[in-house]
Amino acid sequence: MTVDMSVAIGDLRLRGPVLAASGTFGYGTEVPLLERRALGGMVSKGIFIRPREGTAPPRIAETPAGMLNAIGLQGPGVEALIRDYAPQWAGWDFPILVNINGESASEYGELAARLDGVPGVAGFEINISCPNVEQGGLYFGNDPRAAAAVTDAVRRRTKLPVWVKLTPMVSDIGVIARAVESVGADALCAINTFVGMSIDLNTYGPRLSFRTGGLSGPAIRPLAVHLAHQAARAVRIPVIGIGGITRAEDALEFLVAGCVAVQVGTATFVNPKAIEEVHDGLVSFLESRGFKTLADLPRYLPRD
Amino acid sequence: MTVDMSVAIGDLRLRGPVLAASGTFGYGTEVPLLERRALGGMVSKGIFIRPREGTAPPRIAETPAGMLNAIGLQGPGVEALIRDYAPQWAGWDFPILVNINGESASEYGELAARLDGVPGVAGFEINISCPNVEQGGLYFGNDPRAAAAVTDAVRRRTKLPVWVKLTPMVSDIGVIARAVESVGADALCAINTFVGMSIDLNTYGPRLSFRTGGLSGPAIRPLAVHLAHQAARAVRIPVIGIGGITRAEDALEFLVAGCVAVQVGTATFVNPKAIEEVHDGLVSFLESRGFKTLADLPRYLPRD
Amino acid sequence: MFLLDAPVTAKRQVAQGMFVIAMRAPEIAATVRAGQFVNLGWSGGPLLRRPFSVYRADGEDIEVVLKAVGVGTAQLLEMEGGDRVSCLGPLGRGFEIAGSRVLVISGGLGVAPMPLAARDARSAGARVTWVHGARTAAELCSEADGDEIVWATDDGSRGFHGTAVAAATDAGLVLACGPNRMLAAVAERWPDAQVAVETYMGCGTGVCLGCAVPLALGGYDRACKEGPVYRAAAVNWSALPAHLPYVA
Amino acid sequence: MFLLDAPVTAKRQVAQGMFVIAMRAPEIAATVRAGQFVNLGWSGGPLLRRPFSVYRADGEDIEVVLKAVGVGTAQLLEMEGGDRVSCLGPLGRGFEIAGSRVLVISGGLGVAPMPLAARDARSAGARVTWVHGARTAAELCSEADGDEIVWATDDGSRGFHGTAVAAATDAGLVLACGPNRMLAAVAERWPDAQVAVETYMGCGTGVCLGCAVPLALGGYDRACKEGPVYRAAAVNWSALPAHLPYVA
Ligand SMILES: Cc1cc2nc3c(=O)[nH]c(=O)nc-3n(C[C@H](O)[C@H](O)[C@H](O)COP(=O)(O)OP(=O)(O)OC[C@H]3O[C@@H](n4cnc5c(N)ncnc54)[C@H](O)[C@@H]3O)c2cc1C
Ligand SMILES: Cc1cc2nc3c(=O)[nH]c(=O)nc-3n(C[C@H](O)[C@H](O)[C@H](O)COP(=O)(O)OP(=O)(O)OC[C@H]3O[C@@H](n4cnc5c(N)ncnc54)[C@H](O)[C@@H]3O)c2cc1C
Ligand SMILES: Cc1cc2nc3c(=O)[nH]c(=O)nc-3n(C[C@H](O)[C@H](O)[C@H](O)COP(=O)(O)O)c2cc1C
Ligand SMILES: Cc1cc2nc3c(=O)[nH]c(=O)nc-3n(C[C@H](O)[C@H](O)[C@H](O)COP(=O)(O)O)c2cc1C
Ligand code: FES
Ligand code: FES
C-alpha cells in the first residue's frame with residue numbers, strides 16, 4: 001500500500017507535506033546528501049532587493065535543545081538570485097518559494113513584481129517576522145495594519161501563491177492571521193523564531209554581536225504547535241507549521257493540530273537527511289494507522 | 001574570603017539572590033532535602049481567596065528541555081493558607097512572599113488586604129501571568145491598563161513589598177513593566193511560563209486536559225533572559241529573573257543581563273538541591289573572579 | 001526522603017521484555033515501605049525524573065522492575081553495572097498491611113510493588129494468596145510468590161483464562177496494582193481494597209501538583225504524597241486518565 | 001560530502017590534555033584534503049554538531065585531535081572503542097599545496113590540520129619545516145613532524161622562548177593554524193600565507209551563514225564553504241571574534 005502524501009495549498013500542489021524552511025537550506029544547491037524525492041518544496045533564504053552584508057560574528061549560540069541566530073538576512077540581492085539560482089530551480093521537480101523581505105511595504109511589492117514570472121520562482125513567502133534586522137522585520141509582524149499593508153502590496157503585484165510567515169512575538173496571533181487573510185494571503189507559515197538572548201560570562205555581554213537572536217530548534221516546538229494551532233483556528237486558508245521539527249512524530253503534532261504541511265529548519269543542520277526521515281516517517285506512521293492519504297489523518301481543530 | 005551575597009529589593013533585604021519560584025516549591029513544607037541557608041526567599045504556590053480544585057489530569061507533559069503544566073492554580077484558599085502555613089513561615093529565617101491571584105482587580109486587592117499583617121507573610125507577588133486559568137490570569141498580564149489596575153488595587157491595600165510577575169506572552173514587555181512601575185510596584189518578576197501545546201498521537205488531541213499549558217525549564221532560558229533584560233531596561237525598580245535556571249551559570253546570565261535576583265522553578269523537580277547548588281555555585285564564581293560582593297558583578301544594561 | 005547517587009549493581013529478566021534493575025541505595029533500602037516509590041534521574045536522561053515502585057529491598061540494595069515503553073525506560077535498561085542513577089525516595093504512602101489473610105492482585109507491571117507487600121504481610125503472620133495476570137504466559141512475571149499463587153492470562157496460555165480480578169477468590173485484605181481498568185474492577189468488587197495508581201509526575205515530592213488523582217468525593221490529591229496507594233472506592237476511576245501504554 | 005556512522009577505533013594522548021581519536025570513515029578518509037574538516041554529532045550529545053579538522057587519514061580511518069574545552073569535546077573524549085560518531089564531511093576548502101619549500105606554523109591545537117598538510121607537501125616533493133608552539137613544553141603536540149622541526153614555548157620550557165611565528169624563518173609557501181592573534185601576526189609577515197580559521201558553526205555545509213568570516217575587502221563569507229583556509233591578508237582579523245578559550 002502506498003500513501004498519497006500530496007497536499008494542495010491554494011493553487012499550489014505539493015507532492016509531499018515536508019518543506020525546507022527559509023534560511024536553513026540556503027538556495028537548495030549546497031547540500032547534496034538529501035534525497036530530493038522527500039522534498040515537498042523549498043523556501044529559499046530571505047532576500048532583499050539590494051545585497052546585504054548581514055551582521056558581524058558571532059552569529060549563532062547554542063542553547064538547551066535550541067540555537068540562537070542573528071544572520072541579519074545576509075544575501076546577494078534579487079538580481080543575483082535571478083541570475084545565479086532561479087535558472088537552476090527552473091529545472092527542479094519541486095516548487096521553490098522565495099522568502100521576501102523589505103524595509104517598507106512598497107519594497108516588498110517591488111521585490112515580488114521583479115520576481116513574478118521569473119522561471120524557477122513558484123511563489124512567495126513574505127517574511128514579516130525576522131527578529132534580526134534593524135528596520136522592518138518584526139515591526140510588520142506584530143502590527144495587524146502593517147502586516148496587511150505588506151501582504152496587500154505583494155498581492156497586487158503577483159498572481160503567484162503568496163504565503164505570509166508569522167512571528168510568535170505577539171499576544172494574539174489570530175489577529176495578525178485574520179488581517180493578512182483578509183487581503184488575500186494564500187497561506188500562513190507559523191512560525192518564525194522567538195527573540196532570545198544568551199550571555200557570555202567571559203565578556204559579561206551578549207554572545208551574539210547583534211545582542212539578541214532568533215531561537216529555533218526542538219526547544220520551541222510546544223510553543224510553535226500552539227501558535228500554529230491558534231492561527232489555523234483563526235483563518236480558513238491553509239497553515240504550514242514550523243518550529244523544532246526533527247522527526248515524523250514532531251511533524252505529526254503540527255498536522256494533527258491543524259496544519260496542512262510543515263517546514264523543517266534547524267534539524268537539517270544536525271542531520272542533513274532530516275527532511276527525508278521526517279517524510280518517510282510520516283508515510284510509515286500513516287500506513288501503520290491504516291490511513292490511505294495524508295488527508296485522512298484526524299485533526300484536532302475545534303472551531304469556537 | 002567570603003562573598004557578600006545579600007541583596008536589597010525595595011525595603012526587603014534578602015540574605016541571598018536565589019529564591020524558590022511559585023508553584024515549584026509548594027508551601028515550603030514538602031521537601032526536607034534542601035539546605036535552607038541557600039534560600040534567599042520563597043514565593044508560595046499561587047493562591048486565590050477561595051479554594052480551587054485545579055484542572056483535570058493529565059496536568060503535565062514533558063517537552064525537549066522543558067515541560068508543560070496546567071495545574072489551574074489548585075489551592076486551599078487564603079483562609080487555609082493563613083491557618084495551616086503562615087504560622088510555620090513565621091518561624092523561618094527567610095522571607096515568604098505569597099503569589100496572589102484573582103478574577104478581578106478588586107479580588108486581588110481583597111486578598112492582599114486579608115494577608116496584610118499576617119505573621120509569616122513578608123510580601124506579595126502579583127500573578128497576572130498564569131496561562132492556566134479561564135478568567136483573569138493572562139488577560140491582566142498583556143494589557144497595560146489592566147495590569148496597572150490590579151497592581152494599584154493591591155498597592156492601596158498593603159504596605160508590604162509588592163512584586164509583579166510578568167507574562168512573556170506580549171509583543172513589548174517594557175510597556176507592561178512601566179505601567180505597573182508607575183502605580184507603585186516594588187519589583188518585577190520576569191517571567192512566567194509561555195503558552196504551549198503538545199499533541200498525543202494516540203488520542204489525536206492535546207496531551208493536557210486543559211489543552212494548553214505553560215512551558216518552563218531550560219528550553220525557555222534564552223527567551224526569559226531577553227525578556228528580563230528588556231524589563232530591566234524599561235524600569236528603575238529591581239527585576240527578578242526567572243526561567244530555566246538549573247546551574248549558577250544560568251543564574252549569572254540573568255544577573256549580568258540586569259536582574260538583582262533570580263527564582264528557580266522546574267530545576268527543583270529534577271534536583272531538590274538545585275537552589276543550594278545555584279547559590280553555592282554563584283559564591284564560587286564570584287570568588288574565582290575576585291568579586292567581594294554580588295553587587296560587584298559587571299552588568300550588561302545599556303540605557304537607550 | 002533521601003537523594004542518593006546509586007550505582008547499578010545487577011540486572012535480570014523476569015518476563016518477556018520485563019527486567020529487574022538493582023541499585024545500591026542503603027538509606028532507602030532500610031526505610032522503604034511496600035507501595036512506596038523512588039524517582040530516578042541520570043545524566044544524559046530526560047529532563048524529568050521517572051517514578052518507579054520499589055520492587056524489592058534487601059541489605060543495601062533496592063530493586064525496580066520495568067519494561068522499555070519510552071525514552072527513559074529504554075535508557076535505564078541500557079545501564080550497566082557501576083552506572084550511576086540519582087535515586088530520590090522513598091516517596092509516597094505505601095500499603096497499610098494488617099489481618100491474617102491477604103490477597104495480592106497484580107496485572108502486568110502492576111507486579112512492581114507486590115514482592116515487598118507479600119514480604120511484609122507474611123512477616124506479619126498473614127497467609128498470602130497472589131493472583132498475577134498478563135496478556136500471555138510469556139509476559140507473566142516469573143517472580144510472583146506467596147503461600148498460594150494463581151496465574152491468569154488473557155489468552156489462556158497459562159493458568160486461568162481471563163483477568164486477574166476474575167481469577168481471584170475473596171479474602172480479607174486486598175492489595176492491587178495494574179492498569180486502571182483492572183483497578184476499577186477491583187474497586188467494584190472490593191471497595192476497601194488498597195490499590196496503587198500511576199499518574200504523570202513532575203516532582204514526586206508534593207510540590208508541583210502535577211500528579212492529580214481525581215477523588216470520588218470530588219477534587220484531587222497528589223499521587224506522590226497522599227498516594228500512590230488509595231482505598232479503591234476513594235478514586236474517581238472514570239476521571240483518571242487511562243491508556244498508559246506501558247502497563248501491559 | 002558523506003554522512004557516515006563511524007565507530008571509534010582508537011584513542012591516544014599527544015600532549016597534556018590533548019588526545020587523538022580515530023574513527024572508521026572510509027569514504028571520508030579516501031577523499032579528505034589537508035585543511036578540510038568533519039562535523040561530528042553523537043546521540044546524547046549537544047544539539048549542534050561540532051567541527052574538527054581532519055588530523056590524519058590512513059586507510060579506512062580518519063583522526064581528529066582535541067582537548068576538552070566544553071560539553072561536546074568532553075563527551076567525545078569519554079567515547080570508547082566501538083562507540084559511534086555521526087561523521088559529516090569532508091567539508092570546506094583545504095590548503096593549496098605547491099612549491100619546493102613549505103613552512104608549517106601551528107599554535108597549540110592549531111596542529112590539527114597540519115599532519116595531512118605536511119604529508120601532502122612531502123609527497124609533492126617539497127621540503128617541510130614545521131614550527132610548533134604552545135604555552136609550555138608539556139602542551140606541545142608530540143606528533144609534529146617534517147624534514148625540520150622547530151619547537152617554541154611561551155615560557156621557554158622547550159625550544160625557542162617565544163611565539164611560533166617569531167621562531168619561524170622565511171620560506172616559500174607558509175601554512176598556519178592557531179589562535180587568531182597568532183594568525184594575525186602571520187598575516188602581517190606573510191600576506192600570502194594560507195591560514196585555517198575557526199568560527200562558530202551551525203551547519204558546516206554552507207546553508208546557515210552562521211560561520212561568517214569578515215573579509216579585508218568588506219563583507220563576510222562562510223568558513224565552512226569558502227574557508228576554513230584563507231589567504232592570510234584576505235581576512236579582517238580585527239573583526240574576527242577572538243578569545244576562543246579552547247585554542248591553547
Ligand atoms: C508512582 C509510580 C510508580 C511507577 N512504578 C513503575 C514501575 O515500577 N515500573 C514501571 O515500569 N513503570 C512504573 N511507573 C510508570 C513509569 O514511571 C513510566 O512508565 C515511565 O515514566 C515512562 O518513562 P519513559 O521515558 O520510558 O516513557 P515516556 O517516553 O515518558 O513516555 C512513553 C509512554 O509512556 C507514557 N507515560 C510516561 N510516563 C508516564 C507516567 N508517569 N504515567 C503514565 N503514563 C506515562 C506516555 O503516555 C508515553 O506514551 C510508575 C509510575 C508512577 C507514577
Ligand atoms: C573548521 C573548524 C575546525 C576545528 N578543528 C578543531 C580541532 O581539530 N580540534 C579542536 O579541538 N577543536 C577544533 N575546532 C573547535 C571546536 O569545534 C570547538 O572547540 C568545539 O566546537 C567546542 O565544543 P564544546 O561543546 O566542547 O564546547 P562548548 O561547550 O560549545 O563551548 C566551550 C567553549 O568553547 C567555545 N567554542 C565552542 N565552539 C566554538 C567554535 N566552533 N568556535 C569558537 N569557539 C567555540 C565557546 O566560546 C565556549 O566558551 C574547530 C572549529 C572549526 C570551526
Ligand atoms: C540560521 C537560520 C536562518 C534563518 N533565516 C531565515 C530567513 O531568512 N527567513 C525566514 O523567514 N526565516 C528564517 N529562519 C527561521 C526558520 O525558517 C524557521 O522559521 C525557524 O528556524 C523555526 O524552525 P526550526 O525550529 O525547524 O528551525 C532562519 C532560521 C535559522 C536557524
Ligand atoms: C508546575 C508549575 C506550577 C507553577 N505554578 C505557578 C503559580 O502558581 N504561580 C506563578 O506565578 N507561577 C507558577 N509557575 C511558574 C514558575 O514560577 C516559573 O515562573 C516558571 O516555571 C519558569 O521558571 P522555571 O523555568 O525555572 O520553572 C509554575 C510553574 C510550574 C512548572
Ligand atoms: S508529582 Fe509533583 S506533586 Fe506529585
Ligand atoms: S556553518 Fe552554516 S554556513 Fe557555515
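The sequence lines fix the lettering, A, B, ..., with proteins before strands; numbering per chain opens at 1.
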If we define contacts as heavy-atom pairs under 4.5 Å, which of Gly28(A), Gly54(A), Pro57(A) has the most with chain D?
Pro57(A)
Would you mind checking which part of [X] comes under 4.5 Å of any heavy atom in chain D, side chain (CB onward), backbone (N, CA, C, O), both or neither?
| X | answer |
| --- | --- |
| Thr246(A) | neither |
| Ala56(A) | both |
| Pro218(A) | side chain |

Residues from [range] approaching chain A under 4.5 Å (heavy atoms):
| range | result |
| --- | --- |
| residues 38-56 of chain D | Pro46(D), Leu47(D), Leu48(D), Arg49(D), Arg50(D) |
| residues 205-216 of chain D | Thr205(D), Gly206(D), Val207(D), Cys208(D), Leu209(D), Gly210(D), Ala212(D), Pro214(D) |
| residues 15-30 of chain D | none |

Using the six-membered ring of Tyr200(D), assess whether NZ or CZ of Arg207(A) lies under 6.0 Å from its centre and within 45 degrees of the ring axis.
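Because its charged atom misses either the 6.0 Å distance or the 45° angle limit, Arg207(A) does not stack over Tyr200(D).
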Under 4.5 Å from a heavy atom of chain A, the part of Leu240(D) involved:
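No part of Leu240(D) comes within 4.5 Å of chain A.
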Is there a side-chain contact between Arg222(D) and Gln74(A) (heavy atoms, below 4.5 Å)?
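Contact flag for Arg222(D)/Gln74(A) side chains = no.
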Under the side chain to side chain contact (heavy atoms under 4.5 Å, CB included) criterion, do Met201(D) and Phe269(A) qualify, and how do the steps go?
CA-CA 10 Å; Met201(D) 288 192 168; Phe269(A) 302 162; over 6 Å; no
Is it the case that more than 12 heavy atoms not belonging to Glu249(A) sit under 6.0 Å from its CD atom?
yes
Within residues 33-40 of chain A, residues adjacent to chain D where the heavy-atom gap is under 4.5 Å:
Leu33(A)
Minimum heavy-atom separation for Glu53(A) to Gly218(D), with atom names?
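What the structure gives for the nearest pair is OE2-C, 4.1 Å.
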